[in-house]
There are 2 protein chains.
Amino acid sequence: MARISEPTVRRLSHYYRVLDEVAAEGRPVISSHVLAEREGITSAQVRKDLSSFGSFGRRGLGYEVQRLRTEIRAILGLDRRWRVVVVGAGHIGSALLAYRGFGDQGFDVVAVYDNDGERVGQRLGALVVRPVAELSGRDDFELGVIATPVRAAQDVADLLVAAGARGILNFAPRKLRVPAGVALRTVDMTMEFEGLSFALSQPRARRRRRTSR
Amino acid sequence: MARISEPTVRRLSHYYRVLDEVAAEGRPVISSHVLAEREGITSAQVRKDLSSFGSFGRRGLGYEVQRLRTEIRAILGLDRRWRVVVVGAGHIGSALLAYRGFGDQGFDVVAVYDNDGERVGQRLGALVVRPVAELSGRDDFELGVIATPVRAAQDVADLLVAAGARGILNFAPRKLRVPAGVALRTVDMTMEFEGLSFALSQPRARRRRRTSR
DNA sequence: TTTTGTGAACGTGTTCACAGCG
DNA sequence: CGCTGTGAACACGTTCACAAAA
């Protein structure tokens, strides 16, 4: 299988969500055109994305909604459960813990760690916050979430990797170094705000592409 | 000025942060090479990015840290304050309210709205949660943050636009439609988790670029 | 000599356009 | 005929490589 680009993976997530909606509407089949319309992209893009994983459609007809949904689910690895460790029991960490949506998608938070003595021992949902030092022993998880202050982020990343994390989601506004083979995604809200600030500071002439719509 | 790409804007944010660090270290000058190293990109990229706004460096020497920091600050529109309205006083909304980092960067949250009767009237930091209906009157803000459940997201976006929002940061996992001229950024955590799930589900051979490092 | 600024070359992702198939 | 699947064309972003300047 050829290499899959990151934009393609992001769009797969979107398709998956649209298919959920469409399935709920009871529609049995969807064309690349309709799927594209809901996304604001071209139908060719939809077909290209899907064709890199196989031929899921029927010419002259479109894609069978349930079938395509199942395929994408498998492609994204959502046909299994992932164990997630959250480090940082502050506002973002607790927000993640409280959000049920992740559990529905197959992501189970199995532990929360923090270094703040005040937070350790506290109950957060079904979990009790533990000291970060105890992270070392652990090896029964796949994903780590970094929701700590920025100064601790790289150290926590190293700890997570040492404990066997295969993927990390980082909320600290800093580029992290992780070994090849460990997947890393960063959500940097500060950067998003700054992106908006930039867009609003530009002379209001040119049409920006990704920014609008 | 030629059109600026979104990746360039994101990198500007990074440069800005690196310059803060470097300034704190007391270093007066930085070369594109060193700036690139901290970012994990090439020095040519740094120079290209910066050169689309002007000639800030000196050949044979590098960039004067304070000067460059000030320039980028102005480019990003961070030399003024932005008034932000948050809609949704749930976990994400409160987390944003509680995070002081945004205030430091020039973003002031001036109001919080929610439709949940239990939350309306509650105090969140210095603000009191107000009913979403009251949003209509308001016009003394530039940025709106959507931190509501996904089903309300598009309606809230429309309300924000009607109230005069020029930019929107959306935390709901849904593509939103906004008129051209209104800047939109979406932070979709579900999608990030799914991206990690995908990466971990791939046969562990090929080296992915953006995902690692 | 060092390092910037930048046209040219390159690589990657998107769109076009049509052959292939139902 | 309608819609998918896909090579070819295109657009865009990144890297190279070097002339220009300090």
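Note: hydrogens, waters and symmetry copies are ignored here, and every other heavy atom, side chains too, is used. Small disclaimer: the values here were computed from a predicted structure and weren't measured. Labels below follow one simple rule: chain letters A, B, ... track the order of the sequence lines, proteins then strands, and each chain is numbered from 1.
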With a cut-off of less than 4.0 Å, is there a side-chain N or O of R11(A) near OP1 or OP2 of dT14(C)? yes
With a 4.0 Å limit, can you tell me whether R47(B) has a side-chain N or O closer than that to the phosphate oxygens OP1/OP2 of dT15(D)? no
Look at the side chain of R59(A) against the base of dG2(D) and say whether a donor-acceptor pair falls under 3.5 Å; ignore hydrogens and angles. no
Can the ring centres of F193(B) and F107(A) be said to be less than 6.0 Å apart? yes
Of L159(A), I146(A), L176(A), N170(A), the residue whose pairing with Q154(A) passes side chain to side chain contact (heavy atoms under 4.5 Å, CB included): L176(A)
At under 4.0 Å, does any side-chain N or O of S32(A) touch on OP1 or OP2 of dC3(D)? no
Counting only side-chain N and O atoms of Y63(B), is one of them less than 4.0 Å from OP1 or OP2 of dT2(C)? no
Do the side chain of K48(A) and the base of dT15(C) come within less than 3.5 angstrom through a donor-acceptor pair of N or O atoms? yes
Look at the side-chain N and O atoms of R3(B) and state whether any lies under 4.0 Å from the OP1 or OP2 oxygen of dG13(D). yes
Can you give me the closest heavy-atom contact between R11(B) and I41(B), atom names plus distance? CD-CD1, 3.6 Å
From dT6(C), dT15(D), dC16(C), nucleotide with atom closest to S51(B) side chain: dT6(C)
Picking from L76(A), I72(A), V22(A), what satisfies side chain to side chain contact (heavy atoms under 4.5 Å, CB included) with Y15(A)? I72(A)
For S5(B) and dC12(D), is the shortest distance between a side-chain N/O and OP1 or OP2 below 4.0 Å? no
